[in-house]
Q: 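Have a look at this one before I ask anything.
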Amino acid sequence: MMKNSGRTRHIIYLATLFLLFVSGFGQLPIFKRYYIADIPGLAWTNQFYVTHAIHYVAASVLIMLVFYVLVDFMLKGFRVGQISITGFVKAVLILLLMISGGLLVINNLPGVFLPQNGIIALDLIHMGVCMILLLAGGISLFIKKSWVKV
Amino acid sequence: MNRKTSRRAFLKGALTAAGTIVAATPAVRAAEKVIQEDQEPLVTLIDIGKCIGCEECVYACQDANAHKYPEPEKPFPKMLPKRVPVQDWSGKRDIADRLTPYNWLYIQTAAVTIDGEETELNIPRRCMHCQNPPCVKLCPFGALKQEENGLSRIDSDICLGGAKCKQVCPWQIPERQTGVGIYLDILPSLAGNGVMYKCDRCYDRLEKGELPACIEACPEDVQTIGPKSEILANAHALAKEMNGYIYGEDENGGTNTIYVSPVPFDQLNMAIEKGKGEPHFNKVKNMMADGTNIAKAMVVAPIAGIAAAFGKFYLGAKEDK
């Protein structure tokens with residue numbers, strides 16, 4: 001049962017990250033320019049309100065998952081020292097994405113005026129960290145490193 | 001420190017310096033911001049019935065904003081892929097019957113019937129300056145900003161000309177000029193395509209305590225500007241007086257531009273020319289509402305995650321027993 005729940009969690013995590021990456025890059029006006037939105041079934045990638053909503057829903061799932069894993073980790077009596085280096089790097093990157101993304105969500109609420117320089121910085125941090133997370137995820141997949149030391 | 005400086009002078013200088021530093025801290029700046037936020041946004045009221053279509057506002061807008069207009073570098077970079085459109089208005093600067101990067105306000109006309117009499121209405125059209133502007137909020141580079149006085153504007157030093165702001169704008173207001181802006185210094189062929197332009201409600205004139213050029217130049221006082229509550233009250237009073245109709249109060253969740261018309265806006269919408277650079281008068285739902293609702297629901301996500309982990313722990317402990 002535990003193995004199954006771990007696999008389900010991993011599938012939800014990967015599916016959520018995939019949706020976040022696609023909808024996140026969909027915030028840039030590139031999918032139409034580079035013909036991706038022309039592929040049958042992918043026209044939605046150029047619909048900014050659709051990708052915006054998908055990004056928010058997927059972000060909600062990721063936040064839920066992060067809190068679930070965090071509390072599960074503590075309840076199982078794991079210690080921080082048991083996290084692998086790649087796991088630690090990915091955790092920090094996800095935390096940065098959540099903080100920068102959370103601030104951008106707040107900025108999008110009506111009546112909120114964050115300074116323009118702050119928004120530019122948040123946009124660049126969010127995009128940059130996302131790229132690094134992609135790289136870190138790729139590396140840990142390549143070297144087959146788990147989140148926790150085995 | 002100068003040896004001749006007295007202790008009192010030194011303390012006085014130090015306290016002044018400390019005061020300056022404290023005044024510049026984020027906390028103090030935030031407090032000043034809150035004070036400013038108490039101010040209501042400025043809203044403009046456009047009385048369509050008054051406009052005679054003289055276009056004084058259009059030319060005043062062009063004069064006042066000429067220094068902000070694009071001066072593109074030619075030849076333009078070769079765009080990749082080829083489908084990326086080059087949009088060059090630099091040779092058509094005189095166009096005044098639609099929105100362009102060189103014309104941020106124009107007069108739309110509508111032939112309508114009022115009390116059985118055929119008449120022509122003239123309608124100044126420009127950016128509506130939404131209360132929660134999708135163009136500002138959804139720009140992926142933060143190239144647009146909304147000011148606390150309710151105006152929204154494009155920072156031409158940061159805009160890459162991707163035109164997302166135009167696509168998310170319910171009225172497709174911003175217009176692009178190719179061959180200008182920061183994209184030329186990055187990857188001109190592969191990313192970006194110029195700079196987007198639209199009405200900035202003469203932010204620089206407002207900063208100096210002056211009226212936007214279109215309002216100041218109007219010989220018929222078609223437009224008035226003032227605090228939101230005052231302008232909305234005036235708009236409703238005017239609509240009641242002329243048995244007229246209001247547009248902009250609820251559109252896209254509310255805008256800082258209110259039109260009052262003697263004929264219904266769906267009728268007006270049918271009578272105007274609509275198309276590229278010619279905005280409609282459709283009913284517009286709050287485009288940011290879905291995002292705002294999901295954002296509110298996002299607050300539940302951590303609680304759900306924690307509850308699921310405790311639930312799993314409880315079930316596991318029960319199974320072990």
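Computed from a predicted model, the values in this text were never measured in an experiment. Lettering of chains follows the sequences in order, A, B, ..., and the numbering in each one begins at 1.
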Q: Under the side-chain contact (heavy atoms from CB on, under 4.5 Å) test against B/Trp171, which residue among B/Asn282, B/Thr255, B/Leu99 passes?
A: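 Answer to the side-chain contact (heavy atoms from CB on, under 4.5 Å) test with B/Trp171 among B/Asn282, B/Thr255, B/Leu99: B/Thr255.
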Q: Decide yes or no for B/Thr257 and B/Arg201: does some side-chain heavy atom of the first lie under 4.5 Å from some side-chain heavy atom of the second?
A: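 No, every pair of side-chain atoms sits at 4.5 Å or beyond.
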Q: Where on A/Met127 is there a heavy atom nearer than 4.5 Å to chain B: the side chain, the backbone, both, or neither?
A: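 Interface part for A/Met127: side chain.
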Q: I want to check a possible cation-pi pair here: A/Arg9 against A/Tyr68, using under 6.0 Å from ring centre and within 45° of the ring axis as the test.
A: no
Q: Does B/Arg153 pair with B/Glu147 as a salt bridge, N-O distance under 4.0 Å?
A: yes
Q: Checking heavy atoms, do the side chain of B/Cys130, its backbone, both or neither come under 4.5 Å from chain A?
A: neither
Q: With a 4.5 angstrom heavy-atom cut-off, could you sort out which part of A/Phe73 is near chain B: side chain, backbone, both or neither?
A: neither
Q: For the CZ atom on A/Phe18, are there more than 12 heavy atoms of other groups (residues, nucleotides or ligands in this structure) within a distance under 6.0 Å?
A: no
Q: Which of the residues B/Pro41, B/Pro81, B/Gly291 is involved in the greatest number of heavy-atom pairs with chain A at under 4.5 angstrom?
A: B/Pro81
Q: Just give me the residue among A/Ile106, A/Asn107, A/Val69 that pairs up with chain B most often, heavy atom to heavy atom, under 4.5 Å.
A: A/Asn107
Q: Side chain, backbone, both or neither: which part of A/Asn117 has a heavy atom under 4.5 Å from chain B?
A: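 A/Asn117 has no heavy atom closer than 4.5 Å to chain B.
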Q: What residue in B/Lys145, B/Gln131, B/Gln167 has the most heavy-atom pairs under 4.5 Å with chain A?
A: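 Result: the option with the highest number of such pairs is B/Gln167.
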Q: Salt bridge or not for A/Asp72 and B/Lys312, using N-O below 4.0 Å?
A: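 Yes, this pair counts.
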Q: Select one option (side chain, backbone, both, neither) describing which atoms of B/Gln146 are under 4.5 Å from chain A's heavy atoms.
A: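 Both backbone and side chain.
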Q: Against chain A, label B/Leu190 side chain, backbone, both or neither, depending on which of its atoms sit under 4.5 Å from a heavy atom there.
A: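 Both backbone and side chain of B/Leu190 come within 4.5 Å of chain A.
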Q: Between B/Ala307 and chain A, which part of the residue has a heavy atom less than 4.5 Å away: side chain, backbone, both or neither?
A: neither
Q: Pick from B/Ala191, B/Pro134, B/Ala304, B/Gly253: which one has the most heavy-atom pairs with chain A under 4.5 Å?
A: B/Ala191
Q: For the residue pair B/Tyr197 and B/Trp104, does the interplanar ring angle fall in the parallel (under 30°), tilted (30 to 60°) or perpendicular (over 60°) class?
A: parallel
Q: Going by heavy atoms in the side chains, are A/Ile12 and A/Val61 under 4.5 Å from each other?
A: yes
Q: Of all of A/Met64, A/Gln47, A/Met74, A/Arg33, which one pairs up most often with chain B through heavy atoms under 4.5 Å apart?
A: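 Among A/Met64, A/Gln47, A/Met74, A/Arg33, the one with the most close pairs to chain B is A/Arg33.
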Q: Using a 6.0 Å cut-off, check whether atom OH of B/Tyr314 has over 12 heavy atoms from anything other than its own residue.
A: no
Q: I need the residue from A/Ile63, A/Asn108, A/Ile119, A/Val71 with the largest number of non-hydrogen atom pairs under 4.5 Å to chain B.
A: A/Asn108
Q: Just so I understand: if I count every heavy-atom pair under 4.5 Å between each of B/Pro302, B/Gly254, B/Ala295, B/Gly142 and chain A, which residue has the most?
A: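 Of the candidates given, the most pairs with chain A belong to B/Pro302.
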Q: Does the distance from a Lys or Arg side-chain N to an Asp or Glu carboxylate O, for B/Lys68 and B/Asp200, drop under 4.0 Å?
A: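 Salt bridge present between B/Lys68 and B/Asp200.
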Q: Which region of B/Val168, side chain (C-beta onward) or backbone (N, CA, C, O), has a non-hydrogen atom less than 4.5 Å from a non-hydrogen atom of chain A, or is it both or neither?
A: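 Both the backbone and the side chain of B/Val168 come within 4.5 Å of chain A.
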Q: Does any heavy atom of chain B fall under 4.5 Å from the side chain of A/Leu65, the backbone, both, or neither of them?
A: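 No part of it gets close to chain B.
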Q: Out of A/His126, A/His55, A/Lys32, return the one with the most heavy atom pairs under 4.5 angstrom to chain B.
A: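 Ranked by contacts with chain B, first place is A/Lys32.
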Q: Please classify the contact between A/Tyr49 and chain B as side chain, backbone, both or neither, with a heavy-atom cut-off of under 4.5 Å.
A: side chain
Q: Please classify the contact of B/Ala143 with chain A as side chain, backbone, both or neither, using a heavy-atom distance under 4.5 Å.
A: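 The backbone, not the side chain.
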Q: Under 4.0 Å between a side-chain nitrogen and a carboxylate oxygen: does that hold for B/Lys283 and B/Glu251?
A: no
Q: Determine the option with the most heavy-atom pairs under 4.5 angstrom with chain A, choosing from B/Leu138, B/Asp290, B/Val136, B/Asn293.
A: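 Answer, by heavy-atom pair count under 4.5 Å with chain A: B/Leu138.
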Q: In this structure, which one of B/Leu160, B/Asp157, B/Ile158 forms a side-chain contact (heavy atoms from CB on, under 4.5 Å) with B/Ile182?
A: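 Of B/Leu160, B/Asp157, B/Ile158, side-chain contact (heavy atoms from CB on, under 4.5 Å) with B/Ile182 is met by B/Leu160 alone.
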